[in-house]
Amino acid sequence: MDKKDYPVITAEALRDFAAKILEGGGFTREESVITAKSLVLANLMGHDSHGVIRVMEYTSFLHKGLVKSGIDLKILKDSAGSCVADAGLGLGQVQMPRFLDILLPKASENGVASGALYHTGHTGRLGEWAEYAAEKGYAFFMSVNDNGALGCVAPPGGKTAFSSTNPLAFGIPLKNGESFTIDMATSAAAIGKIRLAYLSGETVGDNLIQDADGKPSNDPAVLFEEPQGSLLTAGGHKGFALSLMMDCLAAGLSGGNMPPAPEDAPLVNNAAVTIWDPQHFAGLAHMQNEAEKYLDFVRAIPPRDPANPVRIPGDRAKTSYADRLQNGIPLSHGTIDALRRRAEKFGISVPDRLPSH
């Protein structure tokens with residue numbers, strides 16, 4: 001089914017419903033509101049794999065003890081220009097802003113600040129944290145791994161997985177509180193996008209996944225049913241090389257695990273972050289002016305197809321945000337049904353504003 005045929009729900013109604021389910025699942029009210037806002041922001045920007053579909057995962061993780069509620073951020077090491085902190089399995093959407101708020105003043109004071117976050121729940125859409133820093137006038141880099149505990153991506157030429165999707169993000173500040181960011185998995189696709197297709201009964205594109213025998217497949221079930229297949233790397237050996245490096249940075253700096261992790265290693269995220277304050281370098285205005293001139297130059301390059309102008313990373317998400325904020329967020333029936341079932345499990349009334357079949 002094309003997304004244009006999906007039923008829609010307003011961002012406000014979806015935030016409220018997602019927060020109620022999270023709270024019903026055992027998270028504090030504050031955590032639930034913060035996390036629901038983050039998830040719906042991902043939906044607004046068109047990144048549905050990191051949107052409210054994650055509500056089911058997070059509540060299941062809490063029930064299994066894979067994440068925890070009401071956990072403070074614990075600083076393990078601290079210096080003028082660095083920080084290592086333990087998230088204690090707290091939700092990533094809650095712990096990441098706390099962590100960045102420690103690093104940002106350090107970058108402002110010293111020009112550069114680096115940090116590592118140990119054992120945090122799923123950090124969500126990394127682009128949100130790149131935007132968080134860049135919209136405040138900072139340049140940003142972040143890498144994440146899954147503590148060596150999730151194998152879902154095969155190396156080029158390999159039949160079985162070596163690691164997880166190991167995403168990375170960059171952010172550059174622009175004028176008027178805007179930002180230029182990239183957020184990408186080092187796999188050919190984020191596993192959440194494959195899961196979304198699986199739950200919606202849809203197929204996926206070519207060159208994204210392979211079955212357990214290493215044969216190309218378009219059926220997302222090969223990732224979630226036995227015998228399990230694997231994702232492919234982005235750009236073959238280039239994505240493979242980046243993935244290896246993201247594991248080394250995120251786990252090596254935080255104290256987490258790289259594959260193969262011990263059997264009892266929790267399935268959580270570790271993150272490495274570096275933040276630059278351009279004012280200590282060539283200046284914020286210089287970075288903003290040059291970046292905006294550059295991006296406009298690229299957008300103005302004549303397209304091969306006049307109906308499809310050249311776009312830079314983030315252009316599609318900004319268009320999606322404006323459209324979905326005004327017209328509502330399309331949700332697959334698989335996502336809606338999953339939200340309904342989880343709400344009913346927790347005794348939560350399904351709002352009239354939630355679309356139905």
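- Applying the salt bridge (charged side-chain N to carboxylate O under 4.0 Å, His left out) test to residues at least two apart or on different chains, none of the pairs has a partner in residues 66-75.
- The side chain to side chain contact (heavy atoms under 4.5 Å, CB included) search around D206 returns N218, not counting sequence neighbours.
- In this model, a donor atom of one side chain and an acceptor atom of the other lie less than 3.5 Å apart for R342 and T59.
- Note: L104 CG to Y138 OH = 5.5 Å, rounded to the nearest 0.5 Å.
- H47 contributes atom NE2, which lies 13.0 Å from atom CG of L196 (distance to the nearest 0.5 angstrom).
- Here A87 pairs with L73, Q95, L117, T120 under the side chain to side chain contact (heavy atoms under 4.5 Å, CB included) rule; sequence neighbours left out.
- Legend: residues meeting side-chain hydrogen bond (donor to acceptor under 3.5 Å, both in side chains) with T28, ordered by chain and number and at least two apart, are E31.
- Using modelled atom types and a 3.5 Å distance limit, the side chains of S38 and T35 yield no donor-acceptor pair.
- A cation-pi arrangement is present between K136 and Y132, with the terminal nitrogen or guanidinium carbon under 6.0 Å from the aromatic centre and inside a 45° cone about the axis.
- In this structure a side-chain-to-backbone donor-acceptor pair under 3.5 Å is present from N147 to P266.
- Remark: K20 pairs with D16 by the side-chain hydrogen bond (donor to acceptor under 3.5 Å, both in side chains) rule, at least two apart or across chains.
- Evaluation of the salt bridge (charged side-chain N to carboxylate O under 4.0 Å, His left out) rule for R29 yields E23 as partners, not counting sequence neighbours.
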Begin with the C-alpha distance, continue with both residues' side-chain angles, and end with the deciding distance and a verdict on side chain to side chain contact (heavy atoms under 4.5 Å, CB included) for M96 and M142.
CA-CA 11 Å; M96 275 303 303; M142 178 179 182; 3.6 Å; yes
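- Evaluation of the salt bridge (charged side-chain N to carboxylate O under 4.0 Å, His left out) rule for R15 yields no partner, not counting sequence neighbours.
- A donor-acceptor contact shorter than 3.5 Å links the side chain of D219 to the backbone of A221.
- A donor atom on one side chain and an acceptor atom on the other are found under 3.5 Å apart for S230 and Q210.
- Using a cutoff of 4.0 Å between basic side-chain nitrogens and carboxylate oxygens, D296 and R299 are scored as salt-bridged.
- Residues forming a side-chain hydrogen bond (donor to acceptor under 3.5 Å, both in side chains) with E225 (at least two apart in sequence, or on another chain): Y198.
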Side-chain polar contacts of residues 166-178 - donor-acceptor pairs under 3.5 angstrom, sequence neighbours left out - could you list them?
residue: N166; atom: ND2; partner: S163; partner atom: OG; Å: 3.3
residue: N166; atom: ND2; partner: S243; partner atom: O; Å: 3.1
residue: N166; atom: ND2; partner: S243; partner atom: OG; Å: 3.0
residue: N166; atom: ND2; partner: D247; partner atom: OD2; Å: 2.8
residue: K175; atom: NZ; partner: N289; partner atom: OD1; Å: 2.8

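- Within a 6.0 Å sphere centred on OH of Y321, heavy atoms belonging to other residues, nucleotides or ligands number 12 at most.
- Atom NE2 of H280 has more than 12 neighbouring heavy atoms from other residues, nucleotides or ligands inside a 6.0 Å radius.
- Classification of R54 and D48 as a salt-bridged pair fails, no side-chain N sitting under 4.0 Å from a carboxylate O.
- Other residues, nucleotides and ligands contribute at most 12 non-hydrogen atoms within 6.0 Å of the NZ atom of K77.
- Ion pairing of K293 with E290 is present here, as a side-chain N (NZ or NE/NH1/NH2) and a carboxylate O approach within less than 4.0 Å.
- Residues satisfying the side-chain hydrogen bond (donor to acceptor under 3.5 Å, both in side chains) test with T165, not counting sequence neighbours, are none.
- With sequence neighbours excluded, no residue forms a salt bridge (charged side-chain N to carboxylate O under 4.0 Å, His left out) with D264.
- Scanning for salt bridge (charged side-chain N to carboxylate O under 4.0 Å, His left out) contacts around K106 gives D78, with sequence neighbours left out.
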